[in-house]
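Structure first, then comments.
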Amino acid sequence: MTRIRPKVQIKWLTILIILIVGVVAILFTHYDAPLYQQTVAQVEQVHNYGKTNTTDEFQNRDYQENQKLTLKILNGKDAGKTVKAQNQFSGSTATDQEYHPGQQIFVHLGSQKLKASSIMITGFKRDTTVIFLSWLTITFLLIILKFRGSMALLSLVVNALLFMVAIELDVHTNFNPFILFAILSIIFTMVTALLIFGKSKETVVAIAATILGTFSAILIAYLVLSVTHQRGMKFEMMDYVTQQRLPLFLPEV
């Protein structure tokens, strides 16, 4: 028993340190608005009104609704001031967003800072959410998988770099996006399996199962799209895409 207690204490100490680091990081990002050059505001009150149903040329049904927002400026020379802003969102939230009290957002005040018509909402302040999810992921990986968890984190970093390279190739070349990302998915699988399992039978099984499962999913998606003639797929929501939509959708699968 005397040999086990130190190990138990070290384990609980590690967990406590991870928890403290996570709480400190989350609290820091929640109150770090003064560090931003962009104007950050917190949503204090929301009033929704004017809901209208819409149907587009593709017979997709949706609705639009307006919001009156009361915002409190958190940084800059206008910190502490309360302003009003307008927002419009759709039920699908494909190209817009509904806001709720307590959320922090980026805003552009314009020339007439206190008028709602001159205030433009540019998006969410997401650093708290990103830090929380990252901390949660890292914590579970390290606690559950231990050494393999650290290797999984390394594979995530390597895969992210590879993905950025693939995006650059897709944007600046005429390479077929389906072939490009199919090759990338195979590389992802091999890198992750080798880093986590090393050179072993587990690696071969993991690579084979992942590749088989991935391409089975793509085949099913292609068959369903072919049988249904792509009905129900709201490709029109991809108006911002500058490439053909179906070849880009399949790699997303």
Side-chain angles (χ1 to χ4, degrees), residues 16-54 56 60-140 153 156-157 160-161 163-164 167-168 171 234 236-242 252:
L16 182 61
I17 292 173
I18 292 174
L19 289 174
I20 292 174
V21 170
V23 171
V24 170
I26 293 168
L27 288 174
F28 175 77
T29 56
H30 184 74
Y31 295 102
D32 66 347
L35 300 179
Y36 283 85
Q37 292 184 349
Q38 294 174 277
T39 303
V40 180
Q42 181 165 301
V43 181
E44 298 290 320
Q45 297 179 357
V46 176
H47 172 63
N48 291 2
Y49 69 96
K51 182 177 179 179
T52 57
N53 295 320
T54 60
D56 64 13
N60 294 312
R61 297 180 181 179
D62 205 348
Y63 70 85
Q64 287 188 331
E65 193 167 358
N66 298 313
Q67 288 186 307
K68 287 183 179 179
L69 306 176
T70 301
L71 308 176
K72 181 180 179 181
I73 306 300
L74 300 179
N75 65 337
K77 61 182 180 180
D78 297 307
K81 292 183 179 179
T82 300
V83 297
K84 303 290 184 179
Q86 298 282 347
N87 179 52
Q88 187 179 70
F89 68 93
S90 60
S92 63
T93 62
T95 57
D96 46 42
Q97 184 64 53
E98 179 182 6
Y99 297 102
H100 303 278
Q103 293 176 331
Q104 293 185 4
I105 58 178
F106 292 112
V107 297
H108 177 69
L109 296 179
S111 55
Q112 298 175 320
K113 297 179 180 178
L114 300 181
K115 288 190 176 182
S117 58
S118 68
I119 296 176
M120 180 184 299
I121 301 173
T122 58
F124 277 121
K125 177 178 174 289
R126 293 186 170 90
D127 55 353
T128 302
T129 303
V130 171
I131 289 296
F132 172 73
L133 293 176
S134 300
W135 168 77
L136 196 63
T137 302
I138 293 171
T139 300
F140 278 118
L153 291 175
L156 180 63
V157 173
L161 294 174
F163 183 73
M164 292 173 62
I167 292 295
E168 289 296 320
V171 172
K234 298 182 180 181
E236 64 274 9
M237 293 298 183
M238 299 172 66
D239 288 338
Y240 55 87
V241 175
T242 57
E252 291 176 359

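Between Lys68 and Gln86 there is a side-chain heavy-atom pair separated by less than 4.5 Å. The shortest distance between side-chain heavy atoms of Lys84 and Thr70 falls below 4.5 Å. Side-chain contact between Ile131 and Phe28 is absent, with no heavy atoms from C-beta onward closer than 4.5 Å. The side-chain heavy atoms of Asp32 and Asp127, taken from C-beta on, include a pair separated by under 4.5 Å. Side-chain atoms of Leu71 and Val43, non-hydrogen and from C-beta on, do get closer than 4.5 Å to each other. Considering only heavy atoms from C-beta on, Leu74 stays 4.5 Å or farther from Tyr36 through its side chain. Between Leu156 and Thr137, the closest side-chain pair of non-hydrogen atoms is not below 4.5 Å.
Closest non-hydrogen pair, Phe132 versus Ile26, comes out as CD1-CD1, 3.3 Å. Contact detail for Glu44 and Pro101: the closest heavy-atom pair is O-CB, 3.8 Å.
How far CD1 of Ile73 is from CG of Asp78: 6.5 Å, rounded to the nearest 0.5 Å. A distance of 8.5 Å separates OG1 of Thr129 from CZ of Phe124, quoted to the nearest 0.5 Å. For the atom pair Arg126 CZ and Leu133 CG, the distance stands at 12.0 Å (nearest 0.5 Å). Atom CD of Gln64 is separated from atom CG of Asn53 by 10.5 Å, given to the nearest 0.5 angstrom. Residue His100 holds its NE2 atom at 8.0 Å from CG of Asn48, rounded to the nearest 0.5 Å. Remark: Leu109 CG to Lys81 NZ distance equals 9.0 Å, nearest 0.5 Å.
Asn75 places a side-chain N or O within donor-acceptor distance of the main-chain N or O of Gln38, the cut-off being under 3.5 Å. In this structure, the side chain of Gln104 engages the main chain of His30 through a donor-acceptor pair within 3.5 Å. Between the side chain of Thr122 and the main chain of Phe106, a donor-acceptor pair closer than 3.5 Å is present. Of the possible polar contacts, one joining the Asn87 side chain to the Gln97 backbone as a donor-acceptor pair under 3.5 Å is found. Distance alone, capped at 3.5 Å, is enough to place a donor-acceptor pair between the Lys125 side chain and the Thr29 backbone. A donor-acceptor distance shorter than 3.5 angstrom exists from the side chain of Trp135 to the backbone of Ile18, with no hydrogens or angles considered. When atom types are taken as modelled, the side chain of Asp62 and the backbone of Thr54 share no donor-acceptor pair closer than 3.5 angstrom.
Phe163 CZ: 12 or fewer foreign heavy atoms inside a 6.0 Å radius. Within a 6.0 Å sphere centred on OH of Tyr49, heavy atoms belonging to other residues, nucleotides or ligands number more than 12.
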